[in-house]
There are 2 protein chains.
Amino acid sequence: MKPTIYDIAREAGVSATTVSKVINNKGRISEKTRKKIMEIIDKLHYQPNVLASAMKGKSTYTIALLIPDAANPIYAQYLKYIEEYGQEFGFSVVMCSTGSDPEKEAKHITLLKQKRVDGFIIASVFKNEPVLRQLIEEEIPLVLISLHRSELPVGSVAGDDYLGGYIATEHLLSLGHCRIGIIAQEETVSGTERVRGYEKALINAGIELDKNLIRTTTDLTIEGAQLCARELLASGQRPTAIFGCNDTLAIGAMLAAKELGIKLPDELSVIGFDNTVMCKIVEPQLSSIAIPIHEMGRQAMGLLIQQIEQKDNMKQRIALLPELVVRQSTARLNDSIKYST
Amino acid sequence: MKPTIYDIAREAGVSATTVSKVINNKGRISEKTRKKIMEIIDKLHYQPNVLASAMKGKSTYTIALLIPDAANPIYAQYLKYIEEYGQEFGFSVVMCSTGSDPEKEAKHITLLKQKRVDGFIIASVFKNEPVLRQLIEEEIPLVLISLHRSELPVGSVAGDDYLGGYIATEHLLSLGHCRIGIIAQEETVSGTERVRGYEKALINAGIELDKNLIRTTTDLTIEGAQLCARELLASGQRPTAIFGCNDTLAIGAMLAAKELGIKLPDELSVIGFDNTVMCKIVEPQLSSIAIPIHEMGRQAMGLLIQQIEQKDNMKQRIALLPELVVRQSTARLNDSIKYST
DNA sequence: CTGAAAGCGCTAACAC
DNA sequence: GTGTTAGCGCTTTCAG
């Protein structure tokens, strides 16, 4: 069997307490015994049992990350950076795909509470409001990523979607576009914020909003976006630019345009959001709005650790600023088109 | 504080033992007391402490997945399906990015052993051989994904890379190509197996191998592949088709070709491997070899659970067969080119 | 059918 | 500096 703290104690001719103290660097231990104990630990390949120490009220050094879909590159990136940063502090992260299903959300949370994880990071979508409130009530450390709950006292990290939407639209405006379509994600706060930014930019530019140019979809696949964009482009007064509220949506729009024989970027500019790897492999390369995912992951983990380690949890909301990344899918409005539509 | 089994016992006027039995469906309990206990459990929102039960020799119902990089779509998919399947059996999965760094690998494993995870799934790359052997020696449940160690007694799941390489090459041959270049990943067994399949297909077709057509790289980024492909295409006798040993490599080749003004697929056919989402968004859409990742994840988790639950661990090696997915990046060799080179 | 007692491996008071 | 004692919350013999 695996050696226990008692095996070490016996071998070293001391008590278990002393060994425990050495392991945790607590109390005063003579150099001599410390050294001796250390040697024995090495010799026997002793590994402290985290479970046992967790039972004495210590941390499990494990946190949970809940995301809608692990295979989605964006979430995968959150995961990566959260794990990377957590690792530095000895935290492991257990990943849970919820599939945006409230029942699964609840099941995961219950199970993980039973396993006594130290805290939760929830990203992007969480539908089960009662469970969320419960978590907060029980004062279980919790941080939200890109998940707005302004009415709840909970720490969070998010990109500034409103500003992002504004910047994207302004970029298109600056290229001379006036009829700008938008394909947005329904039901999420991020989604509506991006639309708000878009509207604000148009209003600031003195352009009247046209409801026909705003489309929303719940289907976030390329195909879904393609459908949406097809309608948008087939309408009488077709837009000269499209803002896809995420890269997938934007790429769907690009494909729809190609299908209809519309040339990019000469006859149509397209801009995305999130600046994923996909931007660089489509043709033309997709302009996009970058949010520093790396930073979001780190900050979220940082906030959570803070809550776990100190009881006086100072909760914070952090908003990270987006940046415009110009590539080849956006171009100055071609005059010939401007007047022909 | 959270209620314990004793709180339930007191409330129900029975002993903790009885409550434990009810929770675990063990021993014989009268319907009456069972019902009563259940009610109290509900009323008090009692949640069994998995840590405590794990300390009595039970499982932690937590397994670890080690992958080189969580942000890589392929690994993210493994993760997704493993988690999805594990969930059905109450298993949580903690995800660890190793960055292919032997030290990190060791650190992770040590930490997770201390946390008493029930088993490990290791995917794609694991450099720290001693740690791997140690794991096997300690009889800790372990399954490998796409990670060949034929000399080690360990269960594994993998795509048949040799066959995949063969099929990809045969597809190009069937289109009339004879000068087929290959860009391969260095150092991995999967990589060399795919090359072997490629060579075998050529030999079977009676075509002499040309070392100049085989390039390997350790840089698995698109840019790295692009560099590699540029050399390949700039050489005197340029190939009329390229087999990229994964989609990223293939896309790098496509970009290099475009850069050099080579038309796809008329002047050059390209095929990838893995059939990732990227295939559908590049232009022309990339033909590729599909391995059923979904199935790989499930099988791996299944194998692991088997090892965890029964001590008589029947280890298995499972090879999943690849399939050709033809899209637009591969086309019949154009005769005009055939004779002009 | 039910319960008393022992102990998993560790830590935290509190002595000495 | 070091050891004794008493649990953390649960499960598991073994009696009744």
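A, B, ... follow the sequence lines: proteins, then strands. Residue 1 opens every chain. No hydrogens, no waters, no symmetry mates; every other heavy atom, side chains included, goes into these values.
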Please output the side-chain donor-acceptor pairs of residues 85-93 of chain B that fall under 3.5 Å, not counting sequence neighbours, one pair per line with the distance.
{"from": "Q87(B)", "atom 1": "NE2", "to": "H108(A)", "atom 2": "NE2", "distance (Å)": "3.3"}
{"from": "Q87(B)", "atom 1": "NE2", "to": "E83(B)", "atom 2": "OE1", "distance (Å)": "3.2"}
{"from": "Q87(B)", "atom 1": "NE2", "to": "E83(B)", "atom 2": "OE2", "distance (Å)": "3.2"}
{"from": "S92(B)", "atom 1": "OG", "to": "K115(A)", "atom 2": "NZ", "distance (Å)": "2.6"}

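- Remark: Q185(B) engages T188(B), L220(B), N246(B) in a side-chain contact (heavy atoms from CB on, under 4.5 Å) (not counting sequence neighbours).
- Residues that satisfy the salt bridge (Lys or Arg N to Asp or Glu O under 4.0 Å) test with R149(A), not counting sequence neighbours, are E129(A).
- Qualifying ring pair (Phe, Tyr, Trp, His ring centres under 6.0 Å) partners for H294(B), counting only residues two or more places apart in sequence or in other chains: Y81(B).
- For E11(B), the salt bridge (Lys or Arg N to Asp or Glu O under 4.0 Å) partners are K43(B), not counting sequence neighbours.
- Take D118(A) and apply the salt bridge (Lys or Arg N to Asp or Glu O under 4.0 Å) test, not counting sequence neighbours, and it matches no residue.
- Fit an axis to the five pairs at each end of the helix from dC1(C)-dG16(D) to dC16(C)-dG1(D) and the two axes sit 40° apart, to the nearest 10 degrees.
- Protein chain B contacts DNA chain C from dC1(C) to dG9(C), reading 5' to 3' and using non-hydrogen atoms of the protein with a distance under 4.0 Å.
- Considering only residues two or more places apart in sequence or on other chains, H45(A) meets the side-chain contact (heavy atoms from CB on, under 4.5 Å) condition with none of them.
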Ignoring hydrogens and angles, write down the donor-acceptor pairs under 3.5 Å from the side chains of residues 12-24 of chain A, residues two or more places apart or on other chains.
{"from": "S15(A)", "atom 1": "OG", "to": "T17(A)", "atom 2": "N", "distance (Å)": "3.3"}
{"from": "S15(A)", "atom 1": "OG", "to": "T18(A)", "atom 2": "N", "distance (Å)": "3.4"}
{"from": "S15(A)", "atom 1": "OG", "to": "T18(A)", "atom 2": "OG1", "distance (Å)": "3.2"}
{"from": "S20(A)", "atom 1": "OG", "to": "N24(A)", "atom 2": "ND2", "distance (Å)": "3.4"}
{"from": "N24(A)", "atom 1": "ND2", "to": "S20(A)", "atom 2": "O", "distance (Å)": "2.8"}

(message) What does the B/S/- profile of nucleotides 6-16 of chain D look like, 5' to 3', with a 4.0 Å heavy-atom cutoff to protein?
(response) -BBBBBB----

Run the side-chain donor-acceptor check on residues 70-77 of chain B: report pairs under 3.5 Å with partners two or more places apart or on a different chain.
{"from": "N72(B)", "atom 1": "OD1", "to": "I74(B)", "atom 2": "N", "distance (Å)": "2.9"}
{"from": "Y75(B)", "atom 1": "OH", "to": "S124(B)", "atom 2": "OG", "distance (Å)": "3.4"}

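- The nearest pair of heavy atoms linking N128(A) to A106(A) is ND2-CB, 3.7 Å.
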